[in-house]
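All values derive from a computational prediction rather than experimental measurement. Letters go in sequence order (proteins before strands), and every chain restarts at 1.
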There are 2 protein chains.
Amino acid sequence: MSELQDAVFRALADPTRRGLFERLCRQGDTTVVGLLADAGVSQPVVSKHLKILKAAGLVHDRHEGRYTYYGARREALATLVDWTTEMAGFWQDRFDDLDDLLKRMDQ
Amino acid sequence: MSELQDAVFRALADPTRRGLFERLCRQGDTTVVGLLADAGVSQPVVSKHLKILKAAGLVHDRHEGRYTYYGARREALATLVDWTTEMAGFWQDRFDDLDDLLKRMDQ
DNA sequence: TCATTACATAGCCAATTGGGTATGAGACAT
DNA sequence: ATGTCTCATACCCAATTGGCTATGTAATGA
């Protein structure tokens, strides 16, 4: 029901956007042209996707001269984690063996 | 890049589908009519969404007479957890790098 | 000053998506 | 045997989405 939750899930649903976010996680702050290289789409499309990721709180931007550096906001992933944890929680009430999932989440 | 990962993210992007999955997590195996109550959409639409969730491995179904019971498949959440963990991991790595860098600069 | 570079926005279009109604196929009850 | 109930599929439609090109604006460099 949460507005933010919906924005996060929706933003990460597109593979191009997920790819952009992944690259920002891997390599830190990057300019649009920097991201353009392996994005597989045109520059305006990259800008549009970044705008959507920003609206979902998944990235931040910083202007330096004519460059705009984008970076991942990993705190936003908490939305995903919280939801998954909640779903797993409902399960814990229902089943006894959650080991595999819980072990993964422990890491 | 993973086919399954893409299906999972895409399936959970829609609020109606997420709602269905949530209810299955909360209340265990349920029939289509059972889910129909609070879904806010017509029965065929519920069936269609369940089909998409099933294709993503997020739910399973079991036939009993004229009823079809759907249930959440917990293993599928591992896809989400793994991805999130990986993204968080890159963060950790970069943090370590930064730490390392700062230590070098201290000398 | 003028060209170039970095980026965002606007406008366009085809494909996908999420919803609907109509209908068919089994299972069950009367 | 017939009607009802559960569910899935087929088909249709409007809205959204994801891509493109063209263009504008600001910063930089020659």
Phosphate OP1/OP2 of [N] contacted by [X] side-chain N/O (<4.0 Å):
| X | N | value |
| --- | --- | --- |
| S47(A) | dT9(C) | no |
| Y70(B) | dA8(D) | yes |
| Y69(A) | dC7(C) | no |
| K51(A) | dT9(C) | yes |
| R17(A) | dG18(D) | yes |

Look at all strands and tell whether V45(A) reaches a base, only sugar-phosphate, or nothing, counting heavy atoms closer than 4.0 Å.
base
Give a yes or no on whether the backbone of G28(B) and the side-chain of T30(B) come within a donor-acceptor separation of less than 3.5 Å.
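Checking the backbone N and O of G28(B) against the side chain of T30(B), a donor-acceptor pair under 3.5 Å is found.
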When you measure from the side chain of R73(A) to the backbone of G57(A), do you find a donor-acceptor pair of N or O atoms at a distance under 3.5 Å?
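The answer is yes, because a donor-acceptor pair under 3.5 Å joins these two groups.
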What's the closest nucleotide to the [X] side chain, out of [options]?
| X | options | result |
| --- | --- | --- |
| S42(B) | dG19(D), dG29(D), dG20(C) | dG20(C) |
| T31(A) | dC7(C), dT17(C), dA8(D) | dC7(C) |
| P44(A) | dG19(C), dC7(C), dA10(C) | dA10(C) |
| K48(A) | dG18(D), dC7(C), dT4(C) | dG18(D) |
| Y67(B) | dA27(D), dG19(D), dT6(D) | dT6(D) |
| R66(B) | dC7(D), dG19(D), dT6(D) | dT6(D) |
| H49(B) | dC5(D), dG19(C), dA8(D) | dG19(C) |

Starting at [atom1] of [X] and ending at [atom2] of [N], how long is that distance when rounded to a whole Å?
| X | N | atom1 | atom2 | result |
| --- | --- | --- | --- | --- |
| L35(A) | dA6(C) | CG | P | 13 Å |
| D6(B) | dT17(C) | CG | P | 10 Å |
| E64(B) | dC7(D) | CD | P | 11 Å |
| F9(A) | dT17(D) | CZ | P | 17 Å |
| D61(A) | dA8(C) | CG | C1' | 11 Å |
| L12(B) | dT17(C) | CG | P | 15 Å |
| L50(A) | dT9(C) | CG | P | 11 Å |
| D29(A) | dC7(C) | CG | P | 13 Å |

Relative to the 5' end of DNA chain D, which residue comes earlier, Q43(A) or R10(A), by the nucleotide with the nearest heavy atom?
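Counting from the 5' end, the first nearest nucleotide belongs to R10(A).
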5′-ward residue of the pair T68(B)/D14(A) relative to DNA chain D
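Result: T68(B).
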Result of checking L50(B), L12(B), L53(B) against R17(B) for side-chain contact (heavy atoms from CB on, under 4.5 Å):
L53(B)
Heavy-atom closest pair, residues A7(A) and A56(A)
O-CB, 3.6 Å
Taking all non-hydrogen atoms of both residues, which atom of T16(B) and which atom of A39(B) are closest, and how far apart?
CG2-O, 4.4 Å
Using 0.5 Å steps for rounding, measure from the CG atom of L24(A) to the CG atom of L35(A).
5.0 Å
